[in-house]
4 protein chains.
Amino acid sequence: MKKQRLKYKQIIEAAVEVIAENGYHASQVSKIAKKAGVADGTIYLYFKNKEDILISVFEEKMGQFIEQIASSIRHQNRADDKLETLIDKHFRQLAADHNLAIVTQLELRQSNSEIRQKINQVLKPYLVVMDDIITEGMEQRVFRDELNIPLVRQMIFGTLDEIVTNWVMKEQKYNLVDQVPLVHGFITNGLSAQQERGGAN
Amino acid sequence: MKKQRLKYKQIIEAAVEVIAENGYHASQVSKIAKKAGVADGTIYLYFKNKEDILISVFEEKMGQFIEQIASSIRHQNRADDKLETLIDKHFRQLAADHNLAIVTQLELRQSNSEIRQKINQVLKPYLVVMDDIITEGMEQRVFRDELNIPLVRQMIFGTLDEIVTNWVMKEQKYNLVDQVPLVHGFITNGLSAQQERGGAN
Amino acid sequence: MKKQRLKYKQIIEAAVEVIAENGYHASQVSKIAKKAGVADGTIYLYFKNKEDILISVFEEKMGQFIEQIASSIRHQNRADDKLETLIDKHFRQLAADHNLAIVTQLELRQSNSEIRQKINQVLKPYLVVMDDIITEGMEQRVFRDELNIPLVRQMIFGTLDEIVTNWVMKEQKYNLVDQVPLVHGFITNGLSAQQERGGAN
Amino acid sequence: MKKQRLKYKQIIEAAVEVIAENGYHASQVSKIAKKAGVADGTIYLYFKNKEDILISVFEEKMGQFIEQIASSIRHQNRADDKLETLIDKHFRQLAADHNLAIVTQLELRQSNSEIRQKINQVLKPYLVVMDDIITEGMEQRVFRDELNIPLVRQMIFGTLDEIVTNWVMKEQKYNLVDQVPLVHGFITNGLSAQQERGGAN
DNA sequence: AATGAATGAGCGTTCATTCAT
DNA sequence: GATGAATGAACGCTCATTCAT
């Protein structure tokens with residue numbers, strides 16, 4: 001399995017297109033096979049079952065997605081700069097591939113909990129990247145130091161994810177990357193040393 | 001239809017239980033009927049079709065959910081107090097009904113886009129509540145005044161939603177309501193008057 | 001059962017209308033009840049089951065139909081005059097009640113063989129009327145005398161029935177009664193003393 | 001679809017048998033599949049849906065039926081000879097295939113109007129054959145020349161159809177083909193040059 | 001007599017997966 | 001390796017009939 005890389009890739013790409021075009025529930029294996037230019041049975045030479053296709057789509061696409069972000073922040077020093085880059089790359093990559101955005105934000109979420117568990121495994125390295133930024137931010141005293149890391153990471157991820165999902169559902173009518181500074185401001189402010197309540201003095 | 005409120009409620013409750021126990025895709029109408037203690041056909045005296053059951057579950061449960069939050073903040077004045085109450089009630093209500101939490105955070109999201117559209121309609125009043133708080137916060141100068149309201153609301157909703165989803169997926173091992181102050185702090189900080197970047201050092 | 005004649009009639013009339021409007025397969029008992037202005041359950045105080053309604057419709061309507069024809073020919077003497085009257089009344093009555101024509105020619109034929117057997121029982125007196133005309137015609141030497149009565153009756157009935165059915169299916173665009181002389185000519189010719197083959201000239 | 005002729009034929013034959021044995025309404029797809037020796041799903045590789053099976057049965061069987069009649073009369077000259085052949089072949093073919101006779105005369109008529117419309121389309125060539133004979137008969141002065149062709153055709157078809165239906169309903173107790181001369185005599189007499197009314201005496 | 005809420009059996013169709021070629 | 005015909009389990013919904021009121 002997964003030997004001949006070419007056909008494997010073809011099927012993955014076909015799956016993304018088919019799911020983006022037809023929606024999760026109307027994406028039959030036979031449609032993916034047709035789009036990939038192979039026979040239905042051939043799919044099963046490269047993937048264990050339909051579930052495996054979906055997870056593999058996520059692995060392939062998210063693997064690149066995460067690596068792209070990780071490598072972009074590698075040479076940066078300040079946690080809040082890293083965070084800004086992370087947000088920028090997160091938005092930029094999804095804005096650049098509409099099909100992928102549709103698939104990851106809307107369609108793949110219709111899969112059953114078992115598949116979603118596995119998808120979460122794939123996301124784990126991304127969460128680690130976030131956790132590291134938070135830790136660094138606390139060390140650098142860029143962020144408050146009493147932060148509950150998993151909680152903060154959930155807040156950041158939830159914020160980014162919801163914004164992208166809304167953008168996809170609004171049929172990508174506006175420019176997602178334009179939102180980066182606002183989002184970054186919101187998050188860094190939220191994480192920085194606490195002011196007195198109510199602020200404005 | 002929807003005449004005899006009693007049986008209608010019975011079926012709604014049964015649906016929540018069945019979906020929480022079996023997962024969205026394994027929730028057959030016949031299972032719901034059995035759990036509700038009625039015949040399969042009886043379901044269709046109260047609901048147009050299966051889809052209608054699911055949407056009604058959301059309407060009933062989220063209707064209460066939102067109303068509970070809305071009425072709790074009605075008598076409060078400060079936007080950040082309102083926000084704290086909103087977060088508290090949001091978490092508290094889902095923490096109090098584990099089945100409902102599973103259904104809304106995990107299972108109902110597997111529905112097709114048509115159902116999800118309708119679910120989003122039900123959520124709309126909640127988003128309005130949030131928008132109002134943000135507007136008030138700006139007027140009261142509790143929040144910065146140049147905020148992009150829809151964007152901020154997405155960030156708040158995304159934050160809360162992701163935290164609850166994580167809590168549900170972690171099988172509710174910890175106390176969700178305990179997280180309220182941290183989350184509230186994160187958000188109000190994020191929204192309050194901007195400090196110099198990076199703050200402390 | 002069949003006690004209070006009023007409601008019984010109401011239901012029969014409603015059934016004809018419902019079947020004519022909706023077609024046989026879309027004529028649910030509940031629709032007939034609604035049109036008749038009674039509760040579903042009331043139907044079963046007057047009829048054993050749905051099948052009984054359909055047969056009763058046929059009994060009521062065809063009873064009149066046949067009686068009308070029988071009484072019209074009673075005072076006539078010549079078999080071929082009787083035949084002409086029979087054809088005329090047959091066409092005239094169905095032309096006068098479009099709903100009935102639709103129901104008897106098209107819709108009731110979609111019933112299963114069991115019901116159709118019973119419908120045929122209702123038709124029997126009509127066939128006897130035809131048989132009597134044929135017998136008389138032979139005695140009067142208006143028709144050939146070696147006729148196979150059941151066969152001839154089938155030919156006559158088949159001829160009339162097919163013509164009416166075609167007229168109904170053509171949505172009654174032309175005048176059915178206008179066809180009487182031609183049909184009568186065809187049949188009496190067919191039944192009269194045999195000429196040499198190829199006939200007249 | 002309809003590729004591998006063998007299985008297609010198997011299913012058609014199975015459908016005829018199942019319908020003849022069980023009646024139209026008790027002929028489930030699964031029964032047809034079982035009788036044909038294929039899986040339920042296989043049916044749908046060869047037919048669009050159940051309706052398509054029924055129409056195809058009619059197309060296949062009636063196609064042959066009509067072609068058989070058409071080719072038999074092709075080399076004949078006199079219209080009344082052609083008519084006799086038509087009646088003979090009509091009766092002979094249905095007498096030779098009892099299942100087919102049951103299906104076409106009784107069961108398929110229970111189908112809804114949509115299917116019956118399509119069945120009528122299939123019959124159209126047969127009606128054209130009849131129309132041609134009538135036209136020729138008039139040209140050859142074998143028949144009267146003022147005939148209303150569609151009406152005459154309806155009378156002929158109605159006659160034949162009713163005779164076959166009666167024979168089927170009488171459970172085929174007598175020999176259908178024996179009736180040919182009588183029926184032919186009735187029709188040609190009916191169509192030949194008019195004698196004075198009442199004829200013989 | 002009349003109601004109408006409740007019942008529950010019954011079936012066409014889809015589609016992931018297999019396997020003979 | 002590649003094919004694609006064949007498989008068969010699974011389920012939402014309808015509607016004639018009943019029966020407590």
Side-chain angles (χ1 to χ4, degrees), chain A residues 1 3-4 6-7 25-34 36-54, chain B residues 1 3-4 6-8 11 25-34 36-54, chain C residues 1 3-4 6-7 25-34 36-54, chain D residues 1 3-4 6-8 11 25-34 36-54:
Chain A
M1 236 163 253
K3 282 176 248 181
Q4 199 184 316
L6 173 65
K7 244 163 213 174
H25 290 289
S27 295
Q28 298 87 344
V29 171
S30 60
K31 255 184 204 159
I32 297 173
K34 191 170 212 176
V38 300
D40 292 16
T42 306
I43 296 273
Y44 291 86
L45 299 174
Y46 294 89
F47 299 90
K48 196 152 56 70
N49 49 34
K50 188 179 181 181
E51 182 172 309
D52 188 30
I53 304 174
L54 302 175
Chain B
M1 230 160 262
K3 278 172 273 185
Q4 203 183 314
L6 173 65
K7 231 156 227 176
Y8 177 79
I11 296 167
H25 286 107
S27 295
Q28 298 89 339
V29 171
S30 58
K31 258 185 203 157
I32 296 173
K34 191 169 212 174
V38 300
D40 291 17
T42 304
I43 297 273
Y44 293 87
L45 297 176
Y46 295 90
F47 300 91
K48 200 151 53 67
N49 48 35
K50 186 179 180 181
E51 181 173 307
D52 188 30
I53 306 174
L54 303 174
Chain C
M1 238 166 252
K3 281 176 252 182
Q4 199 185 318
L6 174 65
K7 243 161 213 174
H25 290 290
S27 294
Q28 298 86 344
V29 171
S30 60
K31 256 185 203 158
I32 296 173
K34 191 171 211 174
V38 300
D40 292 17
T42 305
I43 296 273
Y44 291 87
L45 298 175
Y46 294 90
F47 299 90
K48 196 151 56 70
N49 51 32
K50 186 179 182 180
E51 183 173 306
D52 188 30
I53 305 175
L54 302 175
Chain D
M1 232 162 257
K3 279 173 273 184
Q4 202 185 314
L6 172 65
K7 230 155 229 177
Y8 176 79
I11 295 168
H25 287 110
S27 295
Q28 298 89 339
V29 171
S30 60
K31 258 185 202 156
I32 296 173
K34 192 169 213 175
V38 300
D40 291 16
T42 305
I43 298 273
Y44 292 86
L45 297 175
Y46 294 90
F47 299 91
K48 199 149 55 64
N49 48 34
K50 187 179 181 182
E51 180 173 309
D52 189 30
I53 305 174
L54 303 174

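Lettering follows sequence order; numbering is per chain, from 1.
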Self-check item: Gap separating the CD1 atom of A:Ile53 from the CD1 atom of A:Ile32, nearest 0.5 angstrom
Solution: 4.5 Å

Quiz prompt | Distance in angstrom units between A:Leu6 CG and F:dA2 C1', rounded | solution = 14 Å

Exercise. Return one dot-bracket line describing DNA chain F 5' to 3' (Watson-Crick or G-U wobble pairs, both distances under 3.5 Å; ( ) same strand, [ ] crossing, | another strand, . none).
Key: .||||||||||||||||||||

Quiz item: Over how many whole Å does the gap from D:Ile11 atom CD1 to F:dA5 atom C1' extend?
Solution: 12 Å

Quiz item: More 5' along DNA chain F: A:Gly37 or D:Ile43, using each one's nearest nucleotide?
Solution: A:Gly37

Quiz item: What heavy-atom pair brings C:Asn49 and C:Tyr44 nearest, and what distance separates the two atoms?
Solution: CA-CE2, 3.8 Å

Quiz item: Between F:dT14 atom C1' and B:Leu45 atom CG, what is the distance in whole Å?
Solution: 11 Å

Self-check item: Under the side chain to side chain donor-acceptor pair (under 3.5 Å) test, residues paired with C:Lys50 that sit two or more places apart
Solution: none

Exercise. Please report, rounded to the nearest Å, how far the P atom of E:dA6 is from the NZ atom of B:Lys34.
Key: 20 Å

Quiz item: How many Å lie between CD1 on D:Ile32 and P on E:dG12, as a whole number?
Solution: 8 Å

Exercise. Round to a whole Å and report the spacing from OH of B:Tyr8 to P of E:dA5.
Key: 17 Å

Self-check item: Spacing between C:Lys31 atom NZ and F:dT14 atom P, to the nearest angstrom
Solution: 12 Å

Practice problem: Applying side chain to side chain contact (heavy atoms under 4.5 Å, CB included), name anything that partners A:Gln28, two or more places apart in sequence or on another chain. | Solution: A:Ser30, A:Lys31

Quiz item: Distance check: side-chain N/O of A:Lys7 vs OP1/OP2 of F:dA2, anything under 4.0 Å?
Solution: yes

Exercise. With sequence neighbours left out, write down each residue that passes side chain to side chain contact (heavy atoms under 4.5 Å, CB included) with B:Ala39, or none if nothing qualifies.
Key: B:Thr42

Quiz item: How does protein reach along nucleotides 13-21 of chain E, written 5' to 3' as B (base within reach of a heavy atom under 4.0 Å), S (only sugar-phosphate), or - (no contact)?
Solution: BBSSBB---

Exercise. Select from B:Ala39 and C:Ala39 the residue whose nearest nucleotide in DNA chain E is closer to the 5' end of that strand.
Key: C:Ala39

